[in-house]
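Order of the sequence lines fixes the chain letters, A, B, ..., with proteins taken first and strands second; residue numbering starts at 1 for each chain.
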Number of protein chains: 2
Amino acid sequence: MYTIGHVARATDCKVQTIRYYEQIGILPQAPRSEGNRRLYAQADIDRLAFIRHARELGFPLDSIRDLLSLSDNPDQPCDAADAIACRQLDQANRRIERLNALKRELERMIKQCRGGKISDCRVIEVLSDHGQCLKDDHQMAEASP
Amino acid sequence: MYTIGHVARATDCKVQTIRYYEQIGILPQAPRSEGNRRLYAQADIDRLAFIRHARELGFPLDSIRDLLSLSDNPDQPCDAADAIACRQLDQANRRIERLNALKRELERMIKQCRGGKISDCRVIEVLSDHGQCLKDDHQMAEASP
DNA sequence: GCTTGCTTCTACAGCTACTGTAGATGTTAT
DNA sequence: ATAACATCTACAGTAGCTGTAGAAGCAAGC
Ligand SMILES: [Zn+2]
Ligand SMILES: [Zn+2]
Ligand SMILES: [Zn+2]
Ligand SMILES: [Zn+2]
């Protein structure tokens, strides 16, 4: 059995984050030692590594919760898991699209600015007026991870 | 003078968001009517449009605060504004890089999965083991907007 | 004058996924 | 025994809003 600190080092995850995952029910309630410390087995480390890896790939905790409950039933068909991954890929693609649009606008405004006074600054000017942006670029909507 | 609802419609911004911006000091305290309603002038609408547009381009409110105080001093040199925009562009580029790495991994795991049972699912398998990812891809770090 | 319905007011809770902190214990090493 | 460190609980804070409750203002129709 391992201490929470050991698990944290093994998975490169903060101690508080482990407790948080337990609190929201994505990790099971760890059994306690005599002195009330949480005790972990290798399976818990594996589960946490899974969570952290999925987080690195941008999966939200809700999706990870679903993926974990799927992987707890290894005989089920894997369509649901694949669908979650596809959803994640879609999101990544949408975010990349949006970020590329933002990047284009930012590059444009920076390139056009010849330096000088704020009153002549293209950056300030374009930010004041979306009409000066490329058409159909950056029409808002979420972005994130 | 305009009501908060009018300003909200004019800038496609929720009423609460306007009050929030006032609260954090990025919009000035609006003068009030006899009945305690906030009253806005055209300059406030312009300032809010600037804020919303900068938000759409991914600038955090702290940067926007700086940009606004720069644009209030039109005779200053514009280096500082350009630097903020460059910083924003850098961030966008880093996020795009990272998202492309995630996208590659997601595509790989989805493509490799031939369907079937969870126990054979490549998605679950790869999520369980970062060793099966491409080297030097998705080495964590922040992402967001 | 009165009711209906809309807007606005304040104040606060909630969202995501953690992270940091305080103050109290438990454990280990010297 | 004492110091140093790990862990415990509980709560606040991060970014940028968004939603809600309950009270009050305001305009139109009757
Ligand atoms: Zn400039
Ligand atoms: Zn624009
Ligand atoms: Zn599969
Ligand atoms: Zn990986």
Ion pair [X]/[Y], N-O distance below 4.0 Å:
| X | Y | answer |
| --- | --- | --- |
| A:E107 | A:R104 | no |
| B:R47 | B:D72 | yes |
| A:R52 | A:D12 | no |

Distance in angstrom units between [X] [atom1] and [N] [atom2], rounded:
| X | N | atom1 | atom2 | value |
| --- | --- | --- | --- | --- |
| A:R52 | C:dA17 | CZ | C1' | 9 Å |
| B:I64 | D:dG16 | CD1 | C1' | 10 Å |
| A:Y20 | D:dG13 | OH | C1' | 14 Å |
| B:I26 | D:dC17 | CD1 | C1' | 12 Å |
| B:E22 | C:dT10 | CD | C1' | 12 Å |
| B:E34 | D:dG25 | CD | P | 11 Å |
| A:I51 | C:dA17 | CD1 | P | 12 Å |
| A:I24 | C:dC18 | CD1 | C1' | 10 Å |

Which part of the nucleic acid, if any, lies within contact of A:R38, taking any heavy atom under 4.0 Å across all strands shown: a base, the sugar-phosphate backbone alone, or nothing? sugar-phosphate
Determine the contact category for A:F59: base if any of its heavy atoms lies under 4.0 Å from a base atom, sugar-phosphate if only primed atoms, P, OP1 or OP2 are that close, otherwise nothing. nothing
Ignoring hydrogens and angles, does a donor from either the side chain of B:Q16 or the base of D:dG19 sit under 3.5 Å from an acceptor on the other?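 Donor-acceptor pair under 3.5 Å: yes.
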Any side-chain N or O of [X] under 4.0 Å from OP1/OP2 of [N]?
| X | N | result |
| --- | --- | --- |
| B:R37 | C:dC9 | no |
| B:T3 | C:dT7 | no |
| B:K14 | D:dG19 | yes |
| B:R19 | C:dT8 | no |

Of the listed nucleotides (D:dT18, D:dT7, C:dC18), which one gets closest to any side-chain atom of B:T17?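 Nearest to the side chain of B:T17 among the choices is D:dT18.
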Audit row: B:R19, B:E22, salt bridge (charged side-chain N to carboxylate O under 4.0 Å, His left out) steps and yes/no: CA-CA 5 Å; B:R19 291 198 280 248; B:E22 174 179 320; over 6 Å; no
Residue mapping more 5' on DNA chain D - nearest nucleotide basis, A:G5 or B:N36: A:G5
Judged by each residue's nearest nucleotide on DNA chain C, which is more toward the 5′ side, A:S33 or A:Y21?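 Closer to the 5' end of DNA chain C: A:Y21.
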Can you measure from CD1 (B:I84) to CZ (B:R65) and round to the nearest 0.5 angstrom? 12.0 Å
